[in-house]
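What follows is a short report on a single structure.
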Amino acid sequence: MLTLVGTFFVAAVLCAATGARLGARVFAFVAAPMVATATWLALESSGVLDGSPVSQTFDWVGGTGGFALALKFRLDGFGLLMAALVSGIGLLVAVYSFSYFAEPHEPHEPHEPHEPDGHLSPVREVGSYPKINLGVFSAALVAFAGSMLGLVLANDIVTLFVFWELTSITSFFLIGINDHDTAARQAALRALLVTGGGGLALLAGLVMLSQQAGTTEISGILAAEPRGTVVNVAIVLVLLGALTKSAQFPFHFWLPGAMKAPTPVSAYLHSATMVKAGIVLIARFAPAFASTPPWRPIVVVCGLASLIWGGGRALRQTDAKLALAHGTVSQLGLLVVLVGVGIPAATYAGIAMLLAHALFKAPLFLAVGVIDHQLHTREFSRLGGLAKKWPLLAAASGCAALSMAGLPPMLGFATKEKALAALADSDVSWRWLVLGVIVVGSAMTFAYTARWWMLIFGPRKHEHVHDVATGAKPSAAFVLPVALLGFASLAFGLLSTPVGNVVAKMAVGLDPKAAKKLSLWAGVNTALILTGVVIFGGLAVMKFIAVVQRRRDVGHRIGLSGEKAFDRSYHGVISGARTLTGAVQSGSLPTYVTVTAGVVLAALTAALVSGMRPDMSGVVLANSPAQFVVAVLAFGMVIGAAVVPRRFAAVMLLGGVGYAMAALFMMYGAPDLALTQLLVETLSIVVFLLALRDLPNSFAAPRRSRSKMLRLAVCGAVGVGVTMFALTAGTQRVGQSPTIQYEQLSEKAAGGRNVVNVILVDFRGTDTMGEITVLALAAIGVANLAAAVRRSRRHQMARPVDAFNPPNEFRRSSSSVILDQVTHAVFPVILLLSLFLTFRGHNAPGGGFAGGLVVGGGLAIRYLAGGNAALGRLAKVPSTHIIGFGLLISVATALIPLAVGNSFLESSIYNLDLPVLGELKVVSAAFFDLGVYVLVIGVCLAILTQLGDHRSAPELTTQDAS
Amino acid sequence: MIADVASTGLIVLGTLLTLVAALGLVRLPDFFARGHAATKGATLGLALTLSGAAIQMSDRGDVAKLALAVIVQFLTAPVASHLLGRAAHRTGIALSDHTVLDELVDEPDPTFVAKDLK
Amino acid sequence: MSLALSILTGLLFASGLYLMTHRSLTRIIIGFGLLGNGVNLLLLITGGPPGEAPILGRTGELADSVPQALILTSIVIGFALVSFMLALAWRSWTIDGSDDVEDDVEDRRVARAVRRAESDRPDGEDVESMDPSSPQQSTS
Amino acid sequence: MNVAPIVCIAVSFFSASLCIARALRGPTVPDRAIALDALVVVLVNGLGIMVARDGDGLLVDAILVIGLLGFVATLAVARFTESRGSS
Amino acid sequence: MNVPGWVAVACYFAWLAMWGDISVPNILSGIVAVAVVLWVSSALPTSAVRHRLHPVALARLFGHFVRLLVLSNWTLVKTSLHPTPTALRSAIVAAPLSQRSPLVSTIVANFISLTPGTLTLDVRLDEPDDPVLYLHVLGFTDVEAARADVAEVERWVLAAVTPRTRTDIADGPHRATVEGAIP
Amino acid sequence: MRMLLPLPVAVPLIGMAVSLLAVRHRRAQRAISSVALVITLLASIAILVNVTRAGTAVTSLGGWPADISIVLVADRLASLMLLLGVAMTSLVLLFAFGQGGTDEASPFYHPAYLALAAGISLAFLSGDLFNLFVAFELLLMASYVLVTLEGNDEQIRSGTSYVVLNIIESVLLLSAIGLTFAATGTVSMAELASRLAELPEGLRVGLNLLLLLAFGMKAAVFPLFFWLPDSYPTAPSPVAAIFAGLLTKIGVYAMIRTETLLFPGGQQGLLLIVAGFTMIVGVLGAIAQADMKRIISFHIISQIGYMVMGLAIGGPAAIAATVFYMLHHIPTKTSLFLVEGIIERHTGTSNLDRVSGLLHRSGPFALLFLIPALSLAGIPPFSGFVGKFALVTAGFEAKQWAIVGVSLLASLLTLVSMTKIWVGAFWGKAEPAVTDGEPVGILRSNKLMSAATIAVVGSSVCIAIFAGPLYSFCESAARELMDPSAYVRAVFGR
Ligand code: NA
Ligand code: NA
């Protein structure tokens, strides 16, 4: 069965691929899998009807850990009926489509500008349908057929849901196939969202049911008949899915809109098959769940409401197709009541009527399609008198119409009789109320059916109808599907007893007690009398139809209410989304930061609430008086940096804080940190000034200070929280730091006495590798932005470019002889010191970082002395090469051990005994540090040259976008 | 012992000189006067302290480095005050009321506008 | 644990975060500078008590070397971030003569669309606008 | 003998706070810059005191590094102040 | 390599000083390190003016320097602790120089900054103007005294560090590329 | 494994170094990037195969004992994420080659991109909390360079927000790690697994919340997602694609580690609320937008909510669902951004008001959008359906009705916004009109971009087709995650 379903999707791919080339012939690909299915059904039918269903399971996601998805199919009698309808009508629709899309109407201007379309304009332009993309259309159509087949065969909630949603999706594409039409797009969207949303409710309901029943198999769930609150909720959800799919009141509104689709789609999806999915579901579940509290009220009320509303609306339509669409809502309402009420006889009648409905509704739609296709109109006012012109069409439509009206000797009559009888004979207390409504609904059905046929085929009422005269006669192949289906209503009606017996075997699949009989003549009984009432009532309605039509169109307003409610909620969602998003995603960075700080505060508060308390016994005011004093001084500078309204002052105070930090590091026993901090702070000040030199010294006045107190409060509270947290975490250690092992291993195994440096280049060298890469990235990021500045300068030489005046480019007098001379003296010393620090770092404070930063400081001095010119040839070396080289050294040093079977970054110690040098210890990690040194130099050079003197900075871009 | 005394004396003296520099920084009336304090006091003060420290060092390398640091301080301190002073003058920072003569003429620059420099 | 340094850490966090709630990118960067110092201090003081520099051969209780290594990494990363952000500020300045971080244009558009919709369409029953491709939805 | 370093350090802190006061008060950029420069000198001075007290060479490198590079920040402020004043 | 030999020697000693002991590895690595450093430094633009050093005069210069440095600090102590109007009387004076050597002028300028009551603000050696040193005087008495101080210092320095190329007023450093061209 | 595990980190870094040396030669840079990523990809495949066969792989870097050095740990989750990450990075690189403009705009695209790849690999593999921080910084810094690659007005403005907010995140993460070290004396995740449990309640909650906060910000959960929708849309498409597919998932990955290894079951109630809000606010944000890039950017947030939902529900079933959801989301989201990139290149805009009728330009291209779009909306039979269904089932099993309801509602809203793109951009009159001559097929106009996109969409489809074996892999991964002691055993060999 999976293969069979699969062939539809293969056909869909073929259709999509060849649709443009083959034109209407592409429908052969649509027909092929239908034929295959029909053949398969024929082969399986005898066994299935004898009560031995065919099953197949395909495990999609295996169930080792409890979660499993399986595609499970089961062909029982009811499934056979539905599959037969899907494939049989599908085949006819495919044949029909070939004529519908191919015959005389080649578009005048193929695939050219698409004129704005007039929605359901009374007279459409010739060839407006052939403009649709036949590849997409046929692919969606055949994919739909496959999905529908999968749906009716599904025996697993996952399988059911998969195909359920697929039918919604394919229906979306089919309704919106004429996508230049705004109304079609809207209709498609409404249909998708209503049925898709219902599908999600269905999913939830099914999962709940399956968990209550302990199985995902539908037959298993039905057999388990779970009960309880969860089940009641689940049932509501399942019914929500079913009623939306079957366009039942109050979700009916999408169906008339769906008539935007080409007629074959309307006939196939929106009358014969897809809308029946809900009926199928209700029919399957009714025997097991009709007795749950929510079931009957929902099913009966919605069904009857749809019956009456649809009938009323159908009477008022002036468009032949819309009249049928409303009729579909009405008849589906009746079907819902019948299959859902949970009375075996009614179930039987419902299934028979389902067959009858498919047989009469599809040809009626197809007939409208023929007329529309030949005459380019569906307006009753422009039609009439077609019986003489196209008698075959009229006769076939007539048979179908009679069946729809429930008149003998059609199948529709037999089934309606059975339905009335089933309800009348049942023992439910409210049967007469239901019957009454059904009678009224049936009378309306009678009336609109008669009206429909008479207005099209009956004698003309309007003399100005000239369209009819111009229409060419439809080809035989075009009318054939209509005729076949129309006359089937008659034939099946005449053969209603044998047909009824087959239907009985099918109904057993749902409910073993539903095996009833069908006949044209069951004697004079309640049902027959009621039919008489229906006919009489119908005639009365026809008589007074003009009166009815003149009255205020209550039905229209009620009918629109669903659509309006939907559109309102759609708009509500959209505008609500905008309001919410406008509020949450304000686009303002200060707000974002404040909110983030607020969340941090909340987290800290939560920690305090759940008992985060410092152990104050381990807390002293300060570790030393000096530390206390430095802390106080730093305190002052922090406040200063935060409040001073001037850029340079703030930068300098930040620098002061940095130096204070260095002092604290020093006192804490962290000379490496102090050294690095000092260097970094110094370089930071230079970079700050380089970047900000042109900005006004004063900060712009804050735009709104309303929030200032709030921001201060939040941030201040975060500060308090952090202090609390620090005191808590710092006084309650549960484990030991690995520093002890590091101290033991540092010299023995790693060959260095400076533990911090050994950690950096060896124990935790990977951190360092990442961190130098971060540094390299920062440098190339700076260079990249500098290149962007240069690009924009070259393009727009307006302000603030003119105001821009780098320090070394103004008057010669800005150079300083003194600075030049001192720089010359100091620079070599700086370089020597850097080399010293780098190589000494393994044993004493220093290392590649510190060394590289010292060089950076030296470069900064030179740069400040005279801009890039003072860097001489150094400024011409692309700093990226230096960076790349340094990175290469470091990473290669880390990788080489892998080649000799050691670990990544594993360092080796070589004790060399050289003739002159004596014993020399070489640690391979030193090369790693050398790479760091080189890289840091490159980074400093890049930042200085790129951020500093951008006019003379070396161009690092390969080509400038121009 | 003598070394200890000498060292301590030098350090105390040096520290007091840096204190004088800092005092001058606070008490003197204009930027240029403060520049005198910062340059002279700090330089000699630091030189004395580092010399005092050098006496205490056993490692020759450390002594050498301290000496180097002193030399570097003599080289760089005047440079800093020179550049800051020139910048201050060019940007039109007010001289104190005690100033009687200003012979330094910055190059005429028609576009010169003193920005807010505070 | 040093209370003075704990409080200084809290102050660095508070003032750093506060500066980062400003529009001026310079202030934000200075705020980050303070915040970065705060984190480093946090790591230092919570990582263990002060001691001798962790260099072998020295007498006395050595300070924990691990937080020092972590802080060193953090200092360098902080420098990288500050440099990059300064370049951003500079670039921003060359674009519009300010280092202020402006609100996001698209976000403002959405917010404006809300206000306009409220004033324009008191009772939004416009069936056309259900279609996303129709101009009703555009928020320009 | 032990008192002297402590007194010296205390004096250094007083000097440092004076420098910081000037840095906070300004009123001009060069004023702040020279204050910061002096602060660095006070810091190095403090390091010198500690070096002498402990006879420990660990901090000597730091002294040399600051001596060589401590004026870079001042230099930068001076250069950029000048360039701004003359635009 | 465009670097004077004494610079290389100074660098080498600085290297040895940093390591603090004279071992074979340090001696050898010093050669490499100094070579690298000077190579990198030579990639930077340097002045073309060469000088001759006079050790005795250098020592005398150093003596003057120490004396005046101590003196200047004494003055500073007085001024800082007791800033009288006389002590605060200030002036910015332009003092003419007699040569254009950058090195000599720099030494003069630094000397001036560290001597009593004077602080170098700027040195201008560029042609066509006369070379001049601007200084800020604290405790100002008269212009000529200040100028005389500068001239005296310049004499001391020129005695110790003599430009080998002509660097007098008539001929600026930019043209002075031929060695030993002193008339 | 000692050989293999470091390669996904080291090889891109070597590539970055060489790429920096070749900064003036774009073709060389392309070759370098390709070679580096192919080697990385092969290594990742080898790692996954090894891990599947022989269980969690561990190597301690530097050859030191595991308790004092940084370890790289590849369990099932890590190796799966690693492979996905590297595969996406490689395919998106291919796309970037085709698109051209990105690496022409700046010679730093390639180095930064390779650094990003290294950072992603390290983030997945690292078994050390501080090293994880370094990995985050690495990939973040690379992302800073990449979001401001062209340095134009838009990128600077949005890039600034991105950088500032992510820097705050970094500070938070570092603080959390520092405090964790303070409380436990270690940053090794395996060591932490046991030590954290010994901490007093308040401290543990605080650390847990701080870590979740930092990772949650990275993952863009409510209410910390602001940075994402403002920054991704302005980035170049190939950059946005890789960010969208991967970066937030690294945050989720870290959250999973936090909640399974460090603080098992720590903050489920909180996460449940966060998940619900993230789903709904994210998808409503998408609905509010008129620009395709922004719509799909907001979708990321919403879908992060699903992943957090599984994490919040907890238990092997829900965690497996989350892992599968991540597995599905990475290629699917990436492909949507790539599709958007093609649209933008073809039409010059991503604004729905200006683009329409793409279906009529190229049906196959429309399919390339449709598959990931429907997949993200959870429409069967695509991969997203499997993920969502697994989450919903797990939610029902745990009786978390509310979150399941919210997730289904979010699903419907996702469908709403996806149809908005479809209706807006794919239906209707083909606009803007093609200016230069013949309307060329969208896919044929740039074969490299198309091939990359098709490959990514294909991988998304394959996830649906092979959902069976993949899901059972995810279940094994979840079982591993539910047993922290196995992780500790693997690392310490005890
Ligand atoms: Na700006
Ligand atoms: Na559009």
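Letters A, B, ... mirror the listed sequences (proteins, then strands); counts begin at 1. Just the heavy atoms: all of them, side chains too, but no hydrogens, waters or symmetry mates, feed the values below. The model shown is predicted, which means the values in this text are computed figures rather than measured ones.
Annotation: maximal heavy-atom pairing with chain C below 4.5 Å, among S737(A), A776(A), A650(A), P614(A), occurs at S737(A). Contact tally against chain C (heavy-atom pairs below 4.5 Å) for V638(A), V774(A), V939(A), I740(A): the top residue is V638(A). Considering only heavy-atom pairs separated by less than 4.5 Å from chain C, the leading option among F628(A), F849(A), Y742(A) is F849(A). In terms of heavy-atom pairs under 4.5 angstrom with chain C, the leader among P845(A), G730(A), A778(A), G669(A) is G669(A). Between chain C and the residues V657(A), T676(A), L712(A), T581(A), the largest count of heavy-atom pairs under 4.5 Å involves L712(A). Chain C forms the most heavy-atom pairs under 4.5 Å with one residue out of L653(A), V936(A), L727(A), I639(A), and that residue is L727(A).
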Apply side-chain contact (heavy atoms from CB on, under 4.5 Å) to the pair Y18(C) and V714(A), showing each step before the final yes or no. CA-CA 8 Å; Y18(C) 173 68; V714(A) 171; over 6 Å; no
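Both the backbone and the side chain of L673(A) come within less than 4.5 Å of a heavy atom of chain C. Of the atoms belonging to N843(A), it is backbone heavy atoms, and not side-chain ones, that fall under 4.5 Å from chain C. Proximity to chain A involves both the backbone and the side chain of L88(C), based on heavy atoms less than 4.5 angstrom apart. V651(A) touches chain C through backbone and side chain together, each having a heavy atom under 4.5 Å away. With a 4.5 Å cut-off on non-hydrogen atoms, V718(A) touches chain C through its side chain but not through its backbone. For a residue to count as touching a neighbouring chain, one of its non-hydrogen atoms must lie under 4.5 Å from one of that chain's; by this rule Q68(C) touches chain A with backbone and side chain alike. Interface residue L72(C): backbone and side-chain heavy atoms are both found under 4.5 Å from chain A. Contacts between L19(C) and chain A at a heavy-atom distance below 4.5 Å involve the side chain alone, from C-beta outward. Using a 4.5 Å cut-off between heavy atoms, V584(A) makes no contact with chain C at all. Looking at Y592(A), the atoms closer than 4.5 Å to chain C (heavy atoms on both sides) all sit in the side chain, from C-beta outward. Of the two parts of F635(A), the backbone and the side chain both hold a non-hydrogen atom closer than 4.5 Å to a non-hydrogen atom of chain C. With a 4.5 Å cut-off on non-hydrogen atoms, L683(A) touches chain C through its backbone and its side chain both. The part of I759(A) that comes within reach of chain C is its side chain, from C-beta onward, which places non-hydrogen atoms under 4.5 angstrom from that chain. Of the two parts of S586(A), the backbone and the side chain both hold a non-hydrogen atom closer than 4.5 Å to a non-hydrogen atom of chain C.
Side-chain polar atoms of S6(C) and T723(A) form no donor-acceptor pair below 3.5 angstrom. Side-chain contact check for N40(C) and S74(C): at least one donor-acceptor pair (N or O, by modelled atom type) lies under 3.5 Å. A side-chain donor from one of S2(C) and Q627(A) sits under 3.5 Å from a side-chain acceptor of the other. Donor-acceptor pairing under 3.5 Å is recorded for the side chains of D672(A) and N754(A). D100(C) and S24(C) are not linked by any side-chain donor-acceptor pair at a separation below 3.5 angstrom, with hydrogens and angles left out of the test. With 3.5 Å as the limit, one finds no donor-acceptor pair spanning the side chains of R711(A) and T594(A).
Cation-pi check for R27(C) over F699(A) is met; the charged atom lies under 6.0 angstrom from the ring centroid and within 45 degrees of its normal.
Interatomic distance, L654(A) CG to E681(A) CD, rounded to the nearest 0.5 Å: 5.5 Å.
S746(A) meets the side-chain contact (heavy atoms from CB on, under 4.5 Å) test with V755(A), V758(A), L56(C); sequence neighbours excluded.
Of all heavy-atom pairs spanning L853(A) and C940(A), the tightest one is CD2-SG, 4.3 Å. Of all heavy-atom pairs between W90(C) and L947(A), the closest is CE3-CD1, 3.4 Å.
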